[in-house]
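Please read all numbers here as calculations on a predicted model, not as lab measurements. Just so you know, ligand 1 is whichever comes first in the structure, and atom 1 is the first atom listed for that ligand.
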Amino acid sequence: MKKIRKIDSVEMYIIRIPLVSTFETSFSVQTHREALLLKIVCDDVCGWGECVTSPDPYYCYETNSTASHIIKDFLIHILAAMNNFTIEEVLQNFEQIRGHHMAKAVVENALLDIMAQTYGIPLFELIGGTFKKVMSGISIGIQKSIDDLLESIQKACDKKYHRIKLKIKKGKDIEILKKVRSAFPNIKLMADANSDYTLEDKHTLKRLDEFNLMMIEQPLNYNDIYFHALLQKQLRTPICLDESIKNLNDTKTAAELGSCKIINIKQGRVGGMIKAKEIQAYCLKNAIKTWSGGMLETGIGRAFNLHLQTLPGFVLPGDTSETSRYFIEDIVDKPVILQSDGSIEVPKGAGIGVNVLPERIERFKVFHQIII
Ligand code: OSB
Ligand code: MG
């Protein structure tokens, strides 16, 4: 890959956009997407990244505030001191900081956007992907009533989403899945527990096998890899890990122990596109299926997720839905739209291939700082 001469400026924004509907999981109820954005300029080329953190530490320990701290007080210092460097060298220097993958990912993402624009190619080409239509998937939050849930599923089916994920939690699981399955016997269905269970709930978890689910995502503790292996031995339903997998080492541990058959790769959670690609390559060799998750990203983060899915090995539909599933007005053009077969086209322009709209950023911003 080419070298970057030096970075000229870095700006941070926090924007707050209302969601079209409340998004409820076992760990929180979200009404807005509050996103930390980074804009890096280098030789008049402007790259954008979106941090996948949220204001609260309920999904993981990172928040917009911790990411802001790590970016401003550490990552940008490292970056500003580098001359004629590759993005791999940046990541190498970031290793000194333990954890904080989401903060690292947003810096890496903005640099990749710059790099792809410098070459005049779309990001997927830069990371070694091949253009293809990407499969879609929708994540449906916990609903107020079963009727609301069935209606949401019907709408998703009408749109031709390739698979439907339902958020579940203790007490809002078996009975609900039973009703969903009898109303929709043939849809590709999965459930995401966001760590709400323990092995003591084994009896409930084993009943998931009745519903022909593609997988159960992150049933146990957000940090656990070992107990998931014990659980997987007792379930026919494949376990998919999300929260527990923060890097390649976690991936190898899970593969060795047999903790899961599938991994939800969120590039932001694992430290960016390059780390995601490494994890993906390892999974491909070790018979672990992968798909690309999401964190209610705006059009910036959504574009990175789309480019990622052009890599071989993303064999399952991810959590990439239409822009309108979350936002009335997004901060980029063009919005993500499902094709008539439910697939999504990856942007073909240089870099991430979407236009960041300054007027929208201005309107939704709650914080702005010029870092350098
Ligand atoms: O667990 O995958 C998750 C959203 C926020 C935090 C965690 C998760 C999710 C989703 C929605 O399931 C994914 C998306 O549509 O972006
Ligand atoms: Mg999940």
Side-chain angles (χ1 to χ4, degrees), residues 17 19-36 50-64 101-102 105 134-143 152 155-156 159 161-169 189-197 213-224 228 238-246 250 254 260 262-270 276 290-306 308-309 316-327 330 335-336 338 344:
I17 317 186
L19 298 177
V20 292
S21 56
T22 303
F23 188 70
E24 181 172 346
T25 61
S26 66
F27 66 88
S28 81
V29 178
Q30 250 174 287
T31 58
H32 288 76
R33 165 77 180 136
E34 193 174 309
L36 185 161
E50 171 176 354
C51 196
V52 299
T53 46
S54 41
D56 42 58
Y58 304 149
Y59 169 83
C60 72
Y61 69 86
E62 289 192 81
T63 66
N64 289 342
H101 297 127
M102 295 178 172
V134 165
M135 289 177 283
S136 65
I138 188 168
S139 174
I140 300 179
I142 294 166
Q143 302 292 305
S152 305
K155 277 192 195 148
K159 285 258 183 192
Y161 274 104
H162 291 132
R163 72 100 174 96
I164 291 169
K165 163 166 137 181
L166 306 183
K167 292 291 190 180
I168 59 167
K169 65 176 182 182
L189 189 67
M190 58 171 289
D192 186 358
N194 287 108
S195 299
D196 207 42
Y197 300 86
L213 301 178
M214 295 171 80
M215 68 197 88
I216 168 71
E217 184 175 342
Q218 196 70 36
L220 308 179
N221 187 278
Y222 65 93
N223 257 330
D224 172 75
H228 278 99
I239 291 179
C240 168
L241 290 179
D242 172 359
E243 283 90 330
S244 295
I245 305 295
K246 289 166 287 272
D250 290 339
C260 63
I262 302 170
I263 290 179
N264 167 351
I265 299 182
K266 290 176 180 165
Q267 63 90 20
R269 189 194 68 228
V270 300
T290 54
W291 51 278
S292 164
M295 295 288 284
L296 316 186
E297 291 92 339
T298 73
I300 297 178
R302 201 167 295 272
F304 281 94
N305 294 343
L306 283 174
L308 184 69
Q309 289 171 75
L316 294 168
D319 275 342
T320 315
S321 49
E322 287 194 327
T323 302
S324 63
R325 185 257 175 274
Y326 289 119
F327 309 109
D330 194 357
V336 172
L338 259 53
I344 300 174

Worksheet item: Going by an N to O cut-off under 4.0 Å, is there a salt bridge joining K169 and E24?
Response: yes

Item to complete: Identify, chain by chain and in numerical order, each protein residue with a heavy atom under 4.0 Å from an atom of ligand 1.
Response: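 Within 4.0 Å of ligand 1, the protein residues are F23, F27, Y59, S139, K165, K167, D192, N194, E217, D242, K266, G294, M295, L296, E297, D319, Y326.
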
If you measure only the distance, is there a donor-acceptor pair under 3.5 Å linking the side chains of [X] and [Y]?
X    : Y    : value
T53  : N64  : yes
Q30  : S54  : no
K246 : Y222 : no
S292 : Q267 : no

Worksheet item: Listed by chain and number, what are the ring pair (Phe, Tyr, Trp, His ring centres under 6.0 Å) partners of Y58, not counting sequence neighbours?
Response: none

Practice prompt. Give me the ring orientation class for F23 and Y326: parallel if the planes are under 30° apart, tilted from 30 to 60°, perpendicular past 60°.
Written response: perpendicular

Fill in: Atoms (protein N, O or S; no water) under 2.8 Å from the Mg ion (ligand 2)
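For the Mg ion (ligand 2), protein nitrogen, oxygen or sulfur atoms under 2.8 Å: 3.
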
Discussion item. Distance check, rounded to the nearest 0.5 Å: D319 atom CG versus E217 atom CD?
Written reply: 6.5 Å

Practice prompt. Check salt bridge (Lys or Arg N to Asp or Glu O under 4.0 Å) between K167 and all other residues, then give those that pass, not counting sequence neighbours.
Written response: D192

